[in-house]
Visitor: 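This is the structure, below, for whatever I ask next.
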Amino acid sequence: MSHPSLSLPQAPPLTHASLIPQLRDGDPTALAIVYRRHAPGLLALAFRLTQSVPDAEDIVQDLFVGLPEALRAYREEGRFEAWLRRVVVRLALMRLRRTRRKQEITLDDASLPPAAPFDPSGDVHLSQALERLDAEERTLIVLRVVEGYSHGEIAALLGIRPGAAQVRYHRALTRLKSLVELP
Amino acid sequence: MNELELERRVRDLFRTGPVPTPSEQQMQTILARRLAGERMTLPLDPSTLDRRLVRSLLVTAAAACILLLLPIVSSRNPGSGQDEATPGGRENLVNSLYAQASDHPTFPIIRATRPLPRGSWRYALVDEDSPGDTASAWRQDLSTARYEGQERYVWYYGKGGRLTDTLWLDQESLRPVARVSATAVGTQVTQIFQDASVLNGVRTAAGMTEWRSVPLDSLGPRLIGGGRLQADFYDTPGVIALWRPQLAATLGAAELAIGWRGSMEAISAPMGMAIHFWLNLEVVGEDTVTVPAGRFATWKLQVGKQPGYYAWVSKDRQWLVQLGTANGGGGERQVLLQGRENDR
């Protein structure tokens, strides 16, 4: 099927290099373009870390509200998307820590809602086991297994030593395994 | 189960599990929050805060930008060939109403020649691969109300109960006069359309902020150094929602007949921007179309300056029945699911 030809002026390709100066100036158009390009992946990442749609949406919203100012400190090294993802992980960790503190103050384990299956169509038993992990354990597993971060990268994100990240990851995985193997 | 197997199962679970998708509403909320002056301090990697290095990199980046933008500026020189659409970009452009926009009216400027009936219409976006997918349906209601002492058309746009948009149109020129959009809980945007600018006011939980004026820019915001944004940026539901009532009103209020031609002054104002353009409309034939709302004898109008994008308007009541590429055109169409007039 051939399409009719059009003679509209064609915009130049919008690379990150050309968008970043506009983003730093807070240009709403540039912000909207970057949102459309990256929000799906960032929202999925935030959701995997927080297991909450409202929290994930808030994290992505906060990221884009603060992006122009944050970019003034951005070193244009590596992939822009990887940088965005690291900021999302940090925002999610901050939120998870806040939530955990709040729960410690206001809730005891008995009053926590029962774990809901993550994906009813998938591996329900594994989903329930993941739900029973604490936030840090689940974060470690998501970052390592799903996002493919190295122990060094995880350590940098959590502010701990790489060896400690490795130890905590294996501890989390062992706990998950024991929960999965529960009858 | 060993650790590798467990890791594989976890990976599969997360990668195939449901994840939320971003919405136009969220993007509008982000822009509204910034427009209201809100700023966030993000938790950055400490290594990114080496200020001396940052400063030197910014200087380098600025120099690189100038070098990068020089070719763009020079490409605006007529005859450079850069203004021609490339074959790779055509498919998106064909599907976009924005692609049909023009800087200047080609035909007589349209003024309403008949009153519009009040009512409610439901539309959905469908494409040839999924003709039955009407999950993205939205509602448009037309009524009248007084605004600044004059009776105006009022279009209400609603989708899924989350995003609502109300647009006031002048009854003769059919130009937007004002808009109120609820983009999120606690956030409301009010826009006043003026001759050459749009005044934006954002009401947040903290109260109404100051008003900011954005100049109307023909055919959309320009990139630094020249060029335009890609057409598909304007094809998002929230943005198109602003033009669709205007187009529906214009086509509903004109005396359509074979050979009829008119140019519509279109204005769109996504957050923080304001766009002004012309759509040239021409009745190119009669057609009978079937959409979920029924079978209609219609006027078929070419929309914009290139063939391939059409509006089908019912002959009896002049409802906008269908908008987009023709059957077999390989693109998306907005189709009428249901229509009802209050006055009948």
Side-chain angles (χ1 to χ4, degrees), chain A residues 1 3-12 14 17-18 20-22 26 28-29 31-33 35-36 39-40 43-44 47-48 53 56-57 60-67 69-70 73-76 86-87 90-91 94 118-119 122-123 126-127 130 141-142 145-146 156 173 176-177 180-181, chain B residues 1 3 6-7 9-11 13-22 26-27 29-31 33-34 38-45 48-49 53-54 57 61-62 64-65 68 72 83-86 89-91 93-94 99 221 223-224 227-231 233 271-273 306-308 328 330:
Chain A
M1 174 72 214
H3 292 292
S5 65
L6 293 171
S7 58
L8 265 186
Q10 179 82 343
L14 295 170
S18 65
I20 284 172
Q22 295 170 64
T29 311
L31 201 62
I33 291 169
Y35 175 85
R36 289 191 68 199
L43 195 59
F47 175 70
R48 283 170 185 145
V53 174
E57 287 180 345
V60 172
Q61 225 181 76
D62 286 351
L63 167 73
F64 281 92
V65 170
L67 190 58
E69 287 70 36
Y74 168 62
R75 279 165 33 182
E76 292 175 48
R86 283 199 300 275
V87 180
R90 285 199 181 85
L91 283 166
M94 281 170 59
F118 171 68
D119 175 15
D123 195 333
L126 179 58
S127 301
L130 280 161
I141 287 174
V142 170
V145 178
V146 185
L173 201 62
L176 178 64
K177 193 170 170 226
V180 169
E181 288 172 352
Chain B
M1 185 188 350
E3 287 193 354
L6 181 59
E7 285 178 341
R9 281 177 60 191
V10 170
R11 198 177 299 120
L13 180 68
F14 274 102
R15 290 192 175 160
T16 57
V19 288
T21 52
Q26 197 182 32
M27 189 184 90
T29 306
I30 290 163
L31 297 178
R33 282 174 65 184
R34 283 199 61 84
E38 187 176 338
R39 300 292 179 264
M40 291 281 304
T41 303
L42 299 181
L44 301 177
D45 182 345
T48 63
L49 296 173
L53 186 58
V54 169
L57 281 165
C65 283
L68 279 170
I72 297 171
D83 283 349
E84 292 301 315
T86 56
R90 280 179 189 163
E91 202 156 330
L93 291 173
V94 164
L223 295 170
I224 295 170
R228 302 278 186 190
L229 280 169
Q230 286 162 335
F233 173 73
M271 201 58 53
M273 296 174 264
Q306 298 289 343

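These figures come from a predicted structure and were not determined experimentally. Atoms considered below: every heavy atom in the structure, side chains included; atoms not considered: hydrogens, waters and symmetry mates. The chains referred to below are lettered A, B, ... by the order of the sequence lines, with proteins before strands, and numbering in each begins at 1.
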Visitor: Please find the pair of heavy atoms, one from B/P22 and one from A/P40, that lie closest to each other, and give the distance.
Guide: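 In this case the closest contact between B/P22 and A/P40 is CG-N, 3.6 Å.
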
Visitor: Decide side chain to side chain contact (heavy atoms under 4.5 Å, CB included) for A/L130 and B/F14; before the verdict, give the C-alpha distance in whole Å, the side-chain angles of both, and the deciding distance to 0.1 Å.
Guide: CA-CA 11 Å; A/L130 280 161; B/F14 274 102; 3.7 Å; yes

Visitor: Please classify the contact of A/L63 with chain B as side chain, backbone, both or neither, using a heavy-atom distance under 4.5 Å.
Guide: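 A/L63 touches chain B through backbone and side-chain heavy atoms alike.
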
Visitor: Heavy atoms, side chains only, cut-off 4.5 Å: are A/L126 and B/V10 in contact?
Guide: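 Yes - at least one pair of side-chain heavy atoms lies under 4.5 Å apart.
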
Visitor: How long is the gap from CG on B/L6 to CD on A/E181, to the nearest 0.5 Å?
Guide: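 Between atom CG of B/L6 and atom CD of A/E181 there are 8.5 Å.
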
Visitor: Rounded to the nearest 0.5 Å, how far apart are CZ of A/R90 and CG of B/L44?
Guide: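 CG of B/L44 is found 7.0 Å from CZ of A/R90.
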
Visitor: For A/L31, is it the side chain, the backbone, both, or neither that has a heavy atom closer than 4.5 Å to a heavy atom of chain B?
Guide: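 When you check distances to chain B, only side chain atoms of A/L31 fall under 4.5 Å.
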
Visitor: If you look at every heavy atom in A/A70 and B/L42, which pair is closest and at what distance?
Guide: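 Where A/A70 meets B/L42 most closely, the heavy atoms are CB-CD1, 3.6 Å.
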
Visitor: Most heavy-atom pairs under 4.5 angstrom with chain B, which of A/V53, A/V65, A/L173?
Guide: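 When all of A/V53, A/V65, A/L173 are compared, A/V65 has the most.
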
Visitor: Return the CZ to CZ distance between B/R15 and A/R48, rounded to the nearest 0.5 Å.
Guide: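 B/R15 CZ to A/R48 CZ: 7.5 Å, rounded to 0.5 Å.
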
Visitor: So which part of B/T41 gets closer than 4.5 Å to some heavy atom of chain A, the side chain, the backbone, both or neither?
Guide: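 Neither; nothing under 4.5 Å.
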
Visitor: Check whether A/Y35 gets within reach of chain B through its side chain, its backbone, both or neither, counting any heavy atom under 4.5 Å.
Guide: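 The side chain, not the backbone.
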
Visitor: How close do B/P43 and A/L91 get, counting heavy atoms only, and between which atoms?
Guide: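 B/P43 and A/L91 have their closest heavy atoms at CD-CD2, 3.5 Å.
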
Visitor: Heavy-atom distances under 4.5 Å only: say whether B/I30 touches chain A with side chain, backbone, both or neither.
Guide: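 Both parts, backbone and side chain.
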
